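Report on the structure given below.
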2 protein chains.
Amino acid sequence: MSKSRNLGEFEILVLAALVRLGDDAYGVTIRQEIENRAERSVTVGALYTTLARLEDKKFVASRMGEATPERGGRAKRYFEMTDEGRAHFERSISSLGAMLKGLRPWPKTLRISH
Amino acid sequence: MSKSRNLGEFEILVLAALVRLGDDAYGVTIRQEIENRAERSVTVGALYTTLARLEDKKFVASRMGEATPERGGRAKRYFEMTDEGRAHFERSISSLGAMLKGLRPWPKTLRISH
DNA sequence: GTATTAATTCTATATTGTAGAATAAATAGC
DNA sequence: GCTATTTATTCTACAATATAGAATTAATAC
């Protein structure tokens with residue numbers, strides 16, 4: 001059994017994207033969400049590798065989407081955070097928040113529903 | 001020359017500690033700052049290794065402290081962030097901030113002087 | 001069935017994270 | 001000047017995360 005460690009920086013971004021996307025979180029949308037919002041490039045390999053690792057750790061769960069997209073292409077694999085994943089996620093952002101609180105480019109909180 | 005990448009999670013915590021500590025940032029205080037504020041354990045090895053890497057990348061600079069402590073013990077090595085380090089740091093926390101903005105355990109901004 | 005489209009999986013390597021023992025360097029007392 | 005004590009850094013090794021992009025899979029449309 002692998003020891004419980006802290007989440008990596010990219011793992012945090014991915015989990016945050018999951019929360020933001022809710023139902024519609026799969027590879028392509030997750031990637032877009034991070035690229036657009038974080039203004040940071042994300043290669044497909046990096047993303048799927050990270051999602052796979054998070055799933056190994058049971059921090060996310062996935063299910064295959066309906067095999068009936070309207071127009072060609074492979075089925076989507078949807079991801080969502082598990083309760084365990086959420087616990088780690090909150091611990092990580094709590095630590096970051098505590099350290100970064102008050103430093104300049106730090107944004108205001110505004111609370112979303114997810 | 002090594003390619004410019006994103007900062008890791010622990011690197012971010014360390015850099016944040018440097019900013020917070022200002023003048024008084026050396027191994028022991030940095031470690032305390034992270035343990036106390038982030039509520040996360042930090043081994044000495046992890047910290048110094050990370051500081052050494054940040055210095056290799058020119059994201060921090062260090063200088064040896066006065067060789068005259070009042071009461072025994074080796075000289076301190078003080079650390080501060082470089083301009084280049086700051087640029088990376090701000091980019092990283094900007095990305096994190098953008099992704100995490102609005103999610104629940106996210107703190108308010110309050111601005112400190114450093 | 002062949003082309004096209006959409007998406008995931010695979011494989012390999014670099015970098016970051018983590019731990020703790022070992023070492024170093026200063027002071028104090030004798 | 002030795003020896004003990006204190007404070008702090010350095011060393012070494014290994015594990016996990018980050019990153020890239022080519023390859024592959026699976027569905028639809030002609």
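Here the structure is a predicted model, which is why all the values come from computation and not from measurement. Residue numbers start from 1 in every chain, and the chains themselves are labelled A, B, ... in the order their sequence lines are given, proteins ahead of strands.
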From B:E55 CD over to B:T82 OG1, what is the distance, rounded to the nearest 0.5 angstrom? 9.5 Å
Let me know the distance between OH of B:Y26 and C1' of D:dT10, rounded to the nearest Å. 17 Å
What residues form a salt bridge (Lys or Arg N to Asp or Glu O under 4.0 Å) with A:R37, not counting sequence neighbours? A:E33
Contact class for B:G45 (heavy atom, under 4.0 Å): base, sugar-phosphate, or nothing? base
Heavy atoms from C-beta onward define the side chain here; which of D:dG21, D:dA18, C:dA19 lies closest to that of A:F10? D:dA18
Assign each of B:V44 and B:R53 to its nearest nucleotide of DNA chain D by heavy atoms, then name whichever residue's nucleotide is nearer the 5' end. B:V44
Taking only N and O in the side chain of B:N6, is any of them less than 4.0 Å away from OP1 or OP2 of D:dT19? yes
Output the distance between atom CG (B:L96) and atom CD1 (A:I93), rounded to the nearest 0.5 Å. 10.0 Å
To the nearest Å, give me how far apart CZ (B:F79) and P (D:dA8) are. 13 Å
Whole angstroms only, please: what is the NZ-C1' distance between B:K76 and C:dA25? 14 Å
Side-chain donor/acceptor of B:R5 to base of C:dT15, under 3.5 Å: no
Whole-Å distance, A:E9 CD to D:dA18 C1', equals 9 Å
Which of the following nucleotides, C:dG17, D:dA8, C:dA6, is nearest to the side chain of B:V28? D:dA8
Kindly compute the distance separating CZ (B:F89) from CG (B:L15), expressed to the nearest 0.5 Å. 6.0 Å
Hey, is A:E9 close enough to A:R40 for a salt bridge, meaning N to O under 4.0 Å? yes
If you take any heavy atom closer than 4.0 Å to DNA chain D, which residues from residues 32-42 of chain A end up in contact? A:R40
With B:F10, which residues qualify under ring-ring contact (aromatic ring centres under 6.0 Å, His included), at least two apart? none
What's the CG-P distance between A:L7 and C:dG17, to the nearest Å? 12 Å
For D:dT10 and B:R77 - does any side-chain N or O of the residue sit under 4.0 Å from the phosphate oxygens OP1/OP2? yes
Report yes or no: does B:T50 contribute a side-chain atom to a donor-acceptor pair with the main-chain N or O of B:E11 at less than 3.5 Å? no
Whole angstrom value for the distance that separates P of D:dA18 from CD1 of A:I30: 15 Å
When the distance from CD of A:E11 to P of C:dG17 is rounded to whole Å, what number comes out? 11 Å
Length of the line joining B:R31:CZ and C:dA19:P, which is rounded to integer Å: 10 Å
Given C:dT16, is OP1 or OP2 found less than 4.0 Å from the side-chain N or O atoms of B:K57? yes
